Amino acid sequence: MDKAYNHKDYEEKIYKQWETSGAFKEVAGKKPYTVLMPPPNANASLHAGHAMYTVDDILVRYKRMLGMSALWIPGMDHAGFETQYVYEKHLAKEGKSRMDFDRKTLYTNIFKFVQDNSGQIYKQFKRLGFCADWDRSVFTLDPQVTKQVYETFTKMHTEGFVYRDSYIVNYCTHCGTSLAELEVKHVERVDPLYYIKYGPFILATVRPETKFGDTAIAVHPADKRYKDWIGKEVEVEGLNGKFKLKVIADNAVDPDFGTGVVKVTPGHDPNDFEMGKRHNLEIKQIIDFNGKLTPIAGPYAGMKVKAAREKVAHDLQQIGLMEKIDTNYTHSIITCYKCGRDLEPLTVPNWFIKVSDLKKKVIQVVEDEQVKFHPKRFKKHMLSWLEIMHDWPISRQIVWGIRIPVWYNIDQNPNLVVIFLDKNKKIVTGETKDLLEKHSLSEIKAGLQKLIAPKESVYEISSDSPGEKYLPETDTFDTWFSSGQWPLVTLKDKEFETRFPTDFIGTLSDILKFWISRMIMFSLYLKNEVPYKDVYLWATVADKEGKKMSKSKGNVINPLELVDKYGADALRFSLIYGTPAGSKVILSDEKVKGMRNFSNKVWNMGRFLKMLIEEQGETLIPEFSASLETSETDKKMVSRLAEIIQIVTQTLENFKLSLAAETLYDFIWHEIADVYIEEVKQRQDKKTGLAVLKHIYLQSLKLLHPFMPFVTEAVWSELGQKDQLIASHWPTK
RNA sequence: GGCCGCUUAGCUCAGCUGGUAGAGCAUUCGGUUUACAUCCGACAGGUCAUAGGUUCGAGUCCUAUAGCGGCCACCA
């Protein structure tokens, strides 16, 4: 044995041994324990956050040693928007964009791209020692997933949970897609606040260019200044002729902002959109998907939004309708988190899931703790989110994903808006009834990029085309719609009898509401059972300054560099030691180094023990047993071990992994090494002491194994143990 | 504005169902360098944010206040 534990000599070798011996497989006839791995993006590579999967690995190893049929099922997510964006950046380098391809080609290309880049992350997971059953890996675009998603959609449609409606989305006219709440970035900015004359009123707005889309004027119901106007129609002088607007009263209006009067533009503001729903207001689309004003804006049609804003403001000033401009107004705007440009709220027809009935059950199981959260406070988070959870728009205007299985008959729907590449590869946009005069249907089908079907379109649900005269829906499902069914697509049919609900799932708090809530919802809807019993909130990995690691901050640490330097065990222990669930962990070189020292200590204890035994003559050391004549110190250590076993088992059962790790660290280092070994070392006759010491040390290796699998396995075999430590039994006393 | 969390040794943080405080790192001193990329021992360092309350007893429960952080909403 070398003087120091050199992780590079062991990790790869040991991992192979585990894998080829089938140690990661389930075992027939034993009580099942099931953990689902949250699927990382298929084209991603490992970042510090993924290293927190260590928590899952520890539990799986522990339960396996307890004698359960532990199964950790891995997978990968196609990660719709995220992946398509990465691919498009890649395209941009070649001077191309997605507009150069028809839908089908683009999809195929992204598929190839993902395939080339995937697999990397599993290799990296293996370097961290993760003991998942890799043969069971599921990709969210695998046929069985698509099949399940289609079935769910069809069932929900039949039972009235699916509807179409226009929906206001935060649309990036540059990236050509709508963004989810998660993808939106809020930015503080100073913009001019225009006070413009509006009929009898003066109102403040930062967006004068949207006035062509106004369909009401609103005031607060309790505002005395405007009380008499409520319900009346007023005539407003515009830049495009006069028009009449109704004055409505709505609580959403802040009487203290500006003059207390606001213009309502349901087509281009989320707040106004909601107000429009409450008051049944007309939606006028005055900005198109290219970020240009539509013909409704009259002389301003075709102008880009920003230019139009300046021109409108200027023109209003010219004709004396501009009261004043506050140039010092700070407000928060939403921007695209990818390209940084301002987002445009636009309405598009969207597919929705009605959640009010579905979420009731979810609230109940969370309240009853059929699903438990660790730490507990996230139960409250979840409940408060569920309360405000609104209907779920499930369609995304991107290619990379599972297509919504809907088809439109062209004879029945003459007004489908179609964007396609004609046979000369030129983009053509228009409505089917016009397009079909110049183009054949097959030409449209071949070059199809996007289809926008008006809300009242007639459609059929089917995975394949129902006939010749059909065009497909081009929207894909929200990624959460498929990953929300993760528990249902990872298990095999018969496993629902034995492994469902699964036992445990680990996650980060930021996707608790997007992912965890939806999995529970789908699971209750389709199986009438919760998907798992315990939800563990991983700590977020932060840098030395305590800031969350993110690419944009440039403070990411590649965990593999730390593995190279200090070993997988050291990194794993750093993430667990001193890190309760739901907290944050500061990953610094010093900490990992400190933990490397611990793994080295464990190694040297084993090495020293072996030396002492060989010195005494191996055959002369008695077997450890309860009847062995031992000294007081030996006895004390044996009972101390029993206590430690109890504490570690208990803390693991309660998901207090950090306490378990700290207990082991202290016991092994400061009780066994510092005190007990030192004492045995001094003895004249070491034989009995060594028997006890060996026993205690080996039992401790078992306890430590889930946390530091490599060094424990290495030293275990160096001490002549024949069977693998990973397959040994968890000590009970 | 709403909700949640945090505030404990110089730093990073543990402290479960209440019984008058712990670890790691750093610092200082000593030892070892024939288990240990070192390691061991020791000293020092905290009125547990503040103010009330419940209790025989509170870092631990309750209320209020302050500072910090997070999430959500609003921002026309």
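As the structure is a computational prediction, the values presented were derived from the model and not from experiment. Protein chains get the first letters and strands the later ones, always in sequence-line order, with residue 1 at the start of each.
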Notebook entry, point to check: For A:Lys263, which contact category applies under a 4.0 Å heavy-atom criterion: base, sugar-phosphate, or nothing?
Noted result: sugar-phosphate

Checklist line | Whole-Å distance separating the CD1 atom of A:Ile576 from the C1' atom of B:rA14 | finding: 15 Å

Note to self: What's the gap between B:rG53 and B:rU60 when it is taken at their C1' atoms, as a whole Å value?
What the structure shows: 15 Å

Note to self: Just N and O in the side chain of A:Asn604: are any of them under 4.0 Å from OP1 or OP2 of B:rU38?
What the structure shows: no

Next item on the list: Report the residue (A:Met611 or A:Tyr577) whose heavy-atom-nearest nucleotide on RNA chain B is the more 5′ of the two.
Entry: A:Tyr577

Checklist line | Atom P, compared across B:rU27 and B:rC39: separation rounded to whole Å | finding: 14 Å

Margin query: I'd like to know if A:Arg640 and A:Glu643 make a salt bridge, using a cut-off of under 4.0 Å between side-chain N and carboxylate O.
Written below: yes

Margin query: Judged by each residue's nearest nucleotide on RNA chain B, which is more toward the 5′ side, A:Lys513 or A:Val253?
Written below: A:Lys513

Check: For RNA chain B, what are the stems built from at least three Watson-Crick or G-U pairs in a row, each pair having both distances below 3.5 Å?
Finding: B:1-7 with B:66-72, B:10-13 with B:22-25, B:28-31 with B:39-42, B:49-53 with B:61-65

Checklist line | Integer-rounded Å distance: B:rU17 P and A:Asn654 CG | finding: 11 Å

Notebook entry, point to check: How far, in whole Å, is B:rG59 from B:rU47 if one measures between their P atoms?
Noted result: 13 Å

Next item on the list: Without swapping roles, check the side chain of A:Tyr697 against the backbone of A:Val602 for a donor-acceptor pair under 3.5 Å.
Entry: yes

Show me the donor-acceptor pairs within less than 3.5 Å that the side chains of residues 709-719 of chain A make with the rest of the protein, sequence neighbours left out.
| residue | atom | partner | partner atom | Å |
| --- | --- | --- | --- | --- |
| A:Thr712 | OG1 | A:Met708 | O | 2.6 |
| A:Thr712 | OG1 | A:Pro709 | O | 3.0 |
| A:Glu713 | OE1 | A:Trp18 | NE1 | 2.7 |
| A:Glu713 | OE1 | A:Leu725 | N | 3.4 |
| A:Glu713 | OE1 | A:Ile726 | N | 3.1 |
| A:Glu713 | OE2 | A:Leu725 | N | 2.6 |
| A:Trp716 | NE1 | A:Asp723 | O | 2.8 |
| A:Glu718 | OE2 | A:Tyr10 | OH | 3.0 |

Next item on the list: Output yes when at least one side-chain N/O atom of A:Trp669 is less than 4.0 Å from OP1 or OP2 of B:rA23, else no.
Entry: no

Next item on the list: Report yes or no: is there a donor-acceptor pair, N or O only, under 3.5 Å between the side chain of A:Lys3 and the base of B:rC36?
Entry: no

Notebook entry, point to check: Atom CH2 of A:Trp603 to atom C1' of B:rA35: distance rounded to whole Å?
Noted result: 12 Å

Notebook entry, point to check: Checking all strands, does A:Leu659 fall into the base, sugar-phosphate, or nothing category for heavy-atom contacts under 4.0 angstrom?
Noted result: sugar-phosphate

Can I get a per-line list of side-chain donor-acceptor pairs under 3.5 Å for residues 644-655 of chain A, giving both atom names and the distance, sequence neighbours left out?
| residue | atom | partner | partner atom | Å |
| --- | --- | --- | --- | --- |
| A:Thr649 | OG1 | A:Ile645 | O | 2.6 |
| A:Thr649 | OG1 | A:Trp730 | NE1 | 3.0 |
| A:Thr651 | OG1 | A:Ile647 | O | 2.8 |
| A:Thr651 | OG1 | A:Val648 | O | 3.0 |
| A:Glu653 | OE1 | A:Lys63 | NZ | 3.4 |
| A:Glu653 | OE2 | A:Tyr62 | OH | 2.7 |
| A:Glu653 | OE2 | A:Lys63 | NZ | 3.3 |
| A:Asn654 | ND2 | A:Gln650 | O | 3.3 |

Note to self: Could you tell me how far B:rA58 sits from B:rG18 if I compare only their C1' atoms? Round to whole Å.
What the structure shows: 6 Å

Checklist line | Distance between C1' atoms of B:rU54 and B:rG19 (Å, rounded) | finding: 16 Å

Item checked: N/O (side chain, A:Arg596) to phosphate O (OP1/OP2, B:rU38) under 4.0 Å -> yes

Check: To the nearest angstrom, how far is A:His670 atom NE2 from B:rC39 atom P?
Finding: 10 Å

Next item on the list: Let me know the distance between CZ of A:Arg607 and C1' of B:rU38, rounded to the nearest Å.
Entry: 12 Å

Notebook entry, point to check: Distance only, no hydrogens: is a donor on one side chain within 3.5 Å (strictly under) of an acceptor on the other, for A:His374 and A:Asp534?
Noted result: yes

Next item on the list: For B:rA76, take OP1 and OP2 only and decide whether either is under 4.0 Å from a side-chain N or O of A:His268.
Entry: no

Checklist line | Distance in angstrom units between A:Asn597 CG and B:rC25 P, rounded | finding: 9 Å

Next item on the list: Compare the minimum distances between each of B:rA14, B:rA35, B:rA76 and the side chain of A:Met605, then state the nucleotide with the smallest one.
Entry: B:rA35

Notebook entry, point to check: Can you find a heavy atom in the side chain of A:Phe514 that is under 4.5 Å from one in the side chain of A:Asp478?
Noted result: no

Check: A:Tyr665 OH to B:rC39 P: how many Å, rounded?
Finding: 9 Å

Check: When you compare B:rG1 with B:rU65, how far apart are their P atoms, in angstrom units rounded to a whole number?
Finding: 12 Å

Next item on the list: Considering only atom P, compute the distance from B:rG46 to B:rG2 and round it to an integer number of Å.
Entry: 39 Å

Notebook entry, point to check: Do A:Lys324 and A:Tyr195 meet the cation-pi criteria used here (NZ or CZ under 6.0 Å from the six-membered ring centre, within 45° of the axis)?
Noted result: yes

Margin query: Does any part of the side chain of A:Leu203, heavy atoms only, come nearer than 4.5 Å to the side chain of A:Val262, both counted from C-beta?
Written below: no

Note to self: Of the options B:rA35, B:rC75, B:rA76, whose atoms approach the side-chain atoms of A:Phe608 most closely?
What the structure shows: B:rA35

Notebook entry, point to check: Starting at CG of A:Asp674 and ending at C1' of B:rG31, how long is that distance when rounded to a whole Å?
Noted result: 14 Å

Notebook entry, point to check: Reckon A:Tyr329 touches a base, only the sugar-phosphate, or nothing at all at heavy-atom distances under 4.0 Å?
Noted result: sugar-phosphate

Next item on the list: Indicate yes or no: does A:Lys636 engage A:Glu671 in a salt bridge with an N to O separation below 4.0 Å.
Entry: no

Margin query: For A:Arg309, is there an ion pair with A:Asp191 - N to carboxylate O distance below 4.0 angstrom?
Written below: no

Check: In whole Å, what separates the C1' atom of B:rG67 from that of B:rC75?
Finding: 26 Å

Item checked: Proximity to the side chain of A:Lys593 - top-ranked nucleotide from B:rC75, B:rU38, B:rC36 -> B:rU38

Checklist line | Proximity to the side chain of A:Asn271 - top-ranked nucleotide from B:rA14, B:rC75, B:rA35 | finding: B:rC75

Next item on the list: Under 4.0 Å between any heavy atoms, over every strand shown, what does A:Glu662 touch: base, sugar-phosphate, or nothing? Just pick one.
Entry: sugar-phosphate

